[in-house]
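Structure, as structure tokens:
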Amino acid sequence: MTFFIFLLACAAAASTGILFKPGQWYESLVKPGFTPPNWVFPLAWTTIYLLLAWGGYRMTLIPGSQVVLALWAAQIALNTLWTPVFFGAHHLLAAMLILALLWLVAVAMVVMAVRLDVITGLIFFPYVAWLCVAAALNFSIWRNNR
């Protein structure tokens with residue numbers, strides 16, 4: 001049951017992508033050459049959200065994981081906020097600031113998770129890697145489309 005609560009939180013974050021689609025505005029932006037093809041994004045995020053839910057669930061089974069779980073909650077809130085700011089409001093700099101904070105929270109979550117359970121830390125690691133790609137994209141898009 002607990003896993004499904006984490007999965008529901010991830011689904012709520014993912015739903016912002018349904019509400020705020022990239023659309024024509026995004027297509028018209030100058031994007032860097034390293035921009036992944038459009039089909040990569042839903043595949044990557046589906047995988048990441050499943051891993052986040054699994055890792056969050058695993059943390060509930062580990063004594064002393066309250067701070068990691070608080071960071072998990074903070075990162076999913078920031079994750080949920082980014083899409084409407086970037087795709088909905090088209091505020092590229094504000095989205096970059098949210099993403100920078102999200103990255104910091106996610107890195108802290110991974111570091112603290114690894115200290116409690118290496119496997120869970122590794123489960124969270126692809127998220128931080130993808131956030132690095134997302135941050136580079138967001139920054140390049142902001143820089144090239146002022």
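- Checking side-chain atoms of Asn79 against main-chain N and O of Gln75 turns up no donor-acceptor pair under 3.5 Å.
- Grouping the Ile, Leu, Val, Met, Phe, Trp and Tyr side chains by contacts below 4.5 angstrom, directly or via other members, places Leu52 with Val67.
- Under the 4.5 Å side-chain contact rule for hydrophobic residues, Val40 and Leu29 share a cluster.
- Here the closest non-hydrogen pair linking Phe20 and Pro84 is CE1-CB, 3.5 Å.
- In this structure, CD in Gln66 is found 12.0 Å from CG in Leu71, a value given to the nearest 0.5 Å.
- We find the CG-SG distance between Leu50 and Cys10 to be 8.0 Å, quoted to the nearest 0.5 Å.
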Can you check side chain to side chain contact (heavy atoms under 4.5 Å, CB included) on Val111 and Arg115, steps first, answer last? CA-CA 7 Å; Val111 168; Arg115 290 180 182 164; 3.9 Å; yes
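- When side chains are defined from C-beta on, Arg58 does not count as touching Val68, because their heavy atoms never get closer than 4.5 Å.
- Ile5 and Ile62 are members of different hydrophobic clusters when ILVMFWY side chains are connected at heavy-atom separations under 4.5 Å.
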What verdict does the side chain to side chain contact (heavy atoms under 4.5 Å, CB included) test give for Leu99 and Leu78, after you've listed the backbone C-alpha separation in whole Å, the side-chain angles of each residue and the deciding distance to 0.1 Å? CA-CA 8 Å; Leu99 190 48; Leu78 290 164; over 6 Å; no
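- Under the 4.5 Å side-chain criterion, counting only non-hydrogen atoms from C-beta, Phe34 is in contact with Ser140.
- Annotation for Trp103: atom CH2 does not count as buried by contact number, only 12 or fewer foreign heavy atoms lying within 6.0 Å.
- In terms of hydrophobic clustering, with Ile, Leu, Val, Met, Phe, Trp and Tyr side chains grouped at heavy-atom distances under 4.5 Å, Trp45 and Ile18 are assigned to different clusters.
- Side-chain N or O atoms of Thr46 include none that pairs as donor or acceptor with a backbone N or O of Leu43 at under 3.5 Å.
- Side chain of Asn138 to main chain of Leu92: a donor-acceptor pair is present (N/O by atom type, distance under 3.5 Å, no hydrogens or angles).
- Here the rule is side chain to side chain contact (heavy atoms under 4.5 Å, CB included) with Leu122, and of Thr120, Ile119, Val118 only Val118 fits it.
- Between Ala94 and Val85, the shortest heavy-atom contact is CB-CG1, 3.8 Å.
- A heavy-atom distance below 4.5 Å is not found between the side chains of Trp72 and Thr60.
- With rounding to the nearest 0.5 Å, the separation of CD1 in Ile141 from CG in Leu137 is 5.5 Å.
- A distance-only check finds a donor-acceptor pair linking the side chain of Ser28 to the backbone of Trp25 [under 3.5 Å].
- Distance check, rounded to the nearest 0.5 Å: CD1 of Ile98 to OG1 of Thr83 gives 9.5 Å.
- One finds the CG atom of Leu69 at 10.0 Å from the CE atom of Met109 (value rounded to the nearest 0.5 Å).
- A chain of hydrophobic side-chain contacts below 4.5 Å, direct or via other Ile, Leu, Val, Met, Phe, Trp or Tyr residues, connects Leu19 to Ile76.
- Thr35 places a side-chain N or O within donor-acceptor distance of the main-chain N or O of Pro32, the cut-off being under 3.5 Å.
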For Met59 and Asp117, what are the C-alpha separation, side-chain angles and deciding distance, and is it a side chain to side chain contact (heavy atoms under 4.5 Å, CB included)? CA-CA 8 Å; Met59 279 289 108; Asp117 180 53; 4.1 Å; yes
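- Using a 4.5 Å cut-off on side-chain heavy atoms (C-beta onward), Thr47 and Pro126 make no contact.
- Counted within 6.0 Å of CZ on Phe4, heavy atoms from surrounding residues, nucleotides or ligands total 12 or fewer; the atom is thus considered open.
- When all heavy atoms are compared, the tightest approach of Ala13 to Tyr49 is CB-OH, 3.7 Å.
- By the 6.0 Å and 45° rule, Lys21 does not stack over the aromatic ring of Tyr26.
- Nearest heavy atom pair, residue Leu116 against residue Ser65, reads CD1-CA, 3.6 Å.
- Relative orientation of the Phe86 and Trp82 rings is parallel, given thresholds of 30° and 60° on the angle between their planes.
- Counting non-hydrogen atoms of other residues, nucleotides and ligands closer than 6.0 Å to CZ of Phe125 gives a total of 12 or fewer.
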Worked verdict on Tyr57 versus Trp54 for ring pair (Phe, Tyr, Trp, His ring centres under 6.0 Å): CA-CA 5 Å; Tyr57 166 72; Trp54 183 30; 9.2 Å; no
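- Rounding to the nearest 0.5 Å gives a distance of 7.5 Å between OG1 of Thr2 and CG of Leu61.
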